[in-house]
Number of protein chains: 2
Amino acid sequence: MANDNKLTLAGLAKLAGVSISTVSRALNDNPLIKKETREKLQALAKEHNFSLNRAASRLRTQKTNVVAVILNLTSSTDQSISDPFLLKVVGDLNQALNQRGYELLLSNSLMATEDWSNYFINSSRADGIIVIGQGKSTSKVEQVAQSGAPLVVWGDPKRQANYAVVGSNNELGGYLATQHLVNGSCQRIAFLGDPEHAEMSERYKGYQRALQEAGLPFELELTLSCDITSKAAYDKIAAEILSKGLHFDGIVATSDMVALGAMKALKERYISIPGDVSIVGFDDIAMAELLHPALTTVKQNTKAAAEIMVEQLVRQFNGQQANSEVVDIELMVRKSSKLV
Amino acid sequence: MANDNKLTLAGLAKLAGVSISTVSRALNDNPLIKKETREKLQALAKEHNFSLNRAASRLRTQKTNVVAVILNLTSSTDQSISDPFLLKVVGDLNQALNQRGYELLLSNSLMATEDWSNYFINSSRADGIIVIGQGKSTSKVEQVAQSGAPLVVWGDPKRQANYAVVGSNNELGGYLATQHLVNGSCQRIAFLGDPEHAEMSERYKGYQRALQEAGLPFELELTLSCDITSKAAYDKIAAEILSKGLHFDGIVATSDMVALGAMKALKERYISIPGDVSIVGFDDIAMAELLHPALTTVKQNTKAAAEIMVEQLVRQFNGQQANSEVVDIELMVRKSSKLV
DNA sequence: TTGAAAGCGCTACCAC
DNA sequence: GTGGTAGCGCTTTCAA
């Protein structure tokens, strides 16, 4: 406060009458320093509002304690950027990283156009990378994996990949959602979303498996392919009903936002949910239970997932092998689907 | 690739047969270096996958090109963390910052418990701080302002503060929302939210002004005070109806999430929206128009706001004075309110 | 248990 | 236009 030119370790050392090394060790809680001295110096630092210069320590230690989190967005539509689910994952990662002493540098695939490994890791901006979403294209991610940089991806862990993927059991999720509709006596169950998107394609497989087990025919016209935004889903359902009439009595949506769009299209046509059409979402975003009717959905445990992702990333920092890991999902039965 | 020990400027210089200074200038696009040489060296850098070590340049230049964005959360409830509106602001800031060459370090008030200025600025983690939300407590923010660190706050710009505040015209928003309900012949208009929260209190003032102008009495029992989460709003409306019956025919909600909670409580009781109760939200999150009925709401222009915030922060980097600035709002009339 | 000093990789001042 | 070099503030080896 009083002294305006910024305080450094050297300055603090002078103030305390000890060497720079001693202050450095004390502030890093190094047990080499006598506990008494350590506490005295820490108190002094606090008193003078001193904080170690991270740029300097990062340069010296070659470690940043920063993790770059990259939202792997499919397109530049506003919708996909603001999908509450993605942002929930960011929030949970923030928490998990902080608990381990890491900071979160936020970026997304639309901004970071260069080689990610080069940009974030070689440049000492971050120690590792977490990519949220495998999306349709994984070439950037592969590039990072090739470079050997510490990397964890939120996506579909069942996909074989040469990097660690953490994600929900999407196939099972799709299966349970579909099975739930089958049990509710739905006969013509549609799949709404993008079957080519990594995570979504697994949900699609689960959907097909459930149909088969139930002895229901798989009909291609029940695969309602659309972008994974509410708007696209809304348009798709509207167009479908316009051209073919209401030819389905159940919808397995690939995300809650997609389900939301579908619900709106149905309600506008006075189609009862779940009376005429049952619907199951995916994600369990905060809003799901607040919709009317409350949305039955497959809950992804993002908090647990975030912790696992950080754990796997830290393993790589320590030179250990990182593994893909499956996070449990759970069917949340609410009001948008008929009960058995 | 072939050479495994990390390349530095010195290494590149040797490879190119020029001095370190020349490579440094070339990679920083310094016009002192002949264009030809510059391009040759940039190509060489790309070829060898070289990236300048940021830790080193930050130490040297005393500038990080990083901005800390702090979500000033009210409580640790999941809801407030995942309010899509806050996260929309983060997304827009990310974009605005990147366009100006800054990176976004994400944090929140629950994690960053220390003195923010000390933690982020003194430590050279970031050059400036953007705080999202004035919330109820502004002491941490005041502390940053006191320290003289570059700071911009998303909040209510009408509040007098010794730091730059960018935000919507909340008073006008509250006024327009209320006026709209008045025009739709609502007689007993409730205000739902937290009148003590900085931004919200201005909306509350606007609500009162509109009532007064319309010659409607201001009744305290129509101030429905609750936490600004969907859940709290849902509970509040449910409790209100249970204890006093449906004693209002319009609701001015302090956020879309709050409106969502209220809508659910109403729908569950088969109260028609907007037939029995009209409702207006605030924010215009992506979901607002996808609700059924589509939510009439006051749109906050977060994209414009984000650009202004970054602009004001950069002004401070350049030693200029930063000013509070008001961002225009716009009433989005949809289906949850009666028309005139 | 503490101190001296080298050096992390870069930028920018000064010299040519 | 280009090169030599000091030094940003820290950590850590080595010495005491």
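In what follows, chains are A, B, ... by sequence order, proteins preceding strands, each numbered from 1.
- Of the candidates D:dT12, C:dC10, D:dC8, the closest approach to any side-chain atom of B:Ala56 belongs to C:dC10.
- Within 4.0 Å (heavy atoms only), A:Ser124 reaches no atom of the nucleic acid at all.
- In terms of phosphate contacts, A:Asn28 brings a side-chain nitrogen or oxygen within less than 4.0 Å of OP1 or OP2 of D:dT11.
- Remark on DNA chain D: of its neighbouring residues B:Thr61 and A:Arg25, the 5'-side contact belongs to B:Thr61, judged by nearest-heavy-atom nucleotide.
- In this entry the distance linking CG of B:Leu9 with P of D:dG3 reads 13 Å, nearest Å.
- Distances were taken from every side-chain heavy atom of B:Ser21 (C-beta onward) to each of D:dG3, D:dC10, D:dC8; the shortest belongs to D:dG3.
- Residue B:Val144 forms a side chain to side chain contact (heavy atoms under 4.5 Å, CB included) with just one option from B:Val153, B:Asn118, B:Leu151, and that option is B:Leu151.
- Judged by distance alone, with hydrogens and angles left aside, B:Arg54 brings no side-chain donor or acceptor close enough to the base of C:dG9 to form a pair under 3.5 Å.
- With C:dC10, D:dG1, C:dT11 as the choices, the nucleotide that has an atom nearest any side-chain atom of B:Ile20 turns out to be C:dT11.
- At a threshold of 4.0 angstrom between heavy atoms, the contacts of A:Thr8 are confined to the sugar-phosphate backbone, with no base atom among them.
- To the nearest 0.5 Å, atoms OG1 (B:Thr138) and CG (B:Asn72) are separated by 9.0 Å.
- Within 4.0 Å of A:Leu59, counting heavy atoms only, lies at least one base atom of the nucleic acid.
- Looking at B:Lys40 and B:Glu36, no side-chain N of the basic residue comes within less than 4.0 Å of a carboxylate O on the acidic one, giving no salt bridge.
- For A:Thr22, no side-chain nitrogen or oxygen approaches OP1 or OP2 of C:dT1 to under 4.0 Å.
- For the pair B:Arg100 and B:Glu311, the salt-bridge criterion is met [side-chain N within less than 4.0 Å of a carboxylate O].
- Between the side chains of B:Gln42 and B:Asp29, at least one donor N or O lies within less than 3.5 Å of an accepting N or O.
- In this structure, the nucleotide among D:dT11, C:dC10, D:dT2 sitting nearest to the side chain of B:Leu32 is D:dT2.
- The phosphate of C:dG3 (OP1 or OP2) has a side-chain N or O of A:Ser19 nearer than 4.0 angstrom.
- Atom P of nucleotide C:dT2 and atom NZ of A:Lys35 are separated by 15 Å, given to the nearest angstrom.
- Looking at which nucleotide of DNA chain C each of A:Arg60 and B:Leu52 is closest to, the 5′-most match is held by A:Arg60.
- Put simply, A:Gln62 has no side-chain N or O that comes within less than 4.0 Å of OP1 or OP2 on D:dT11.
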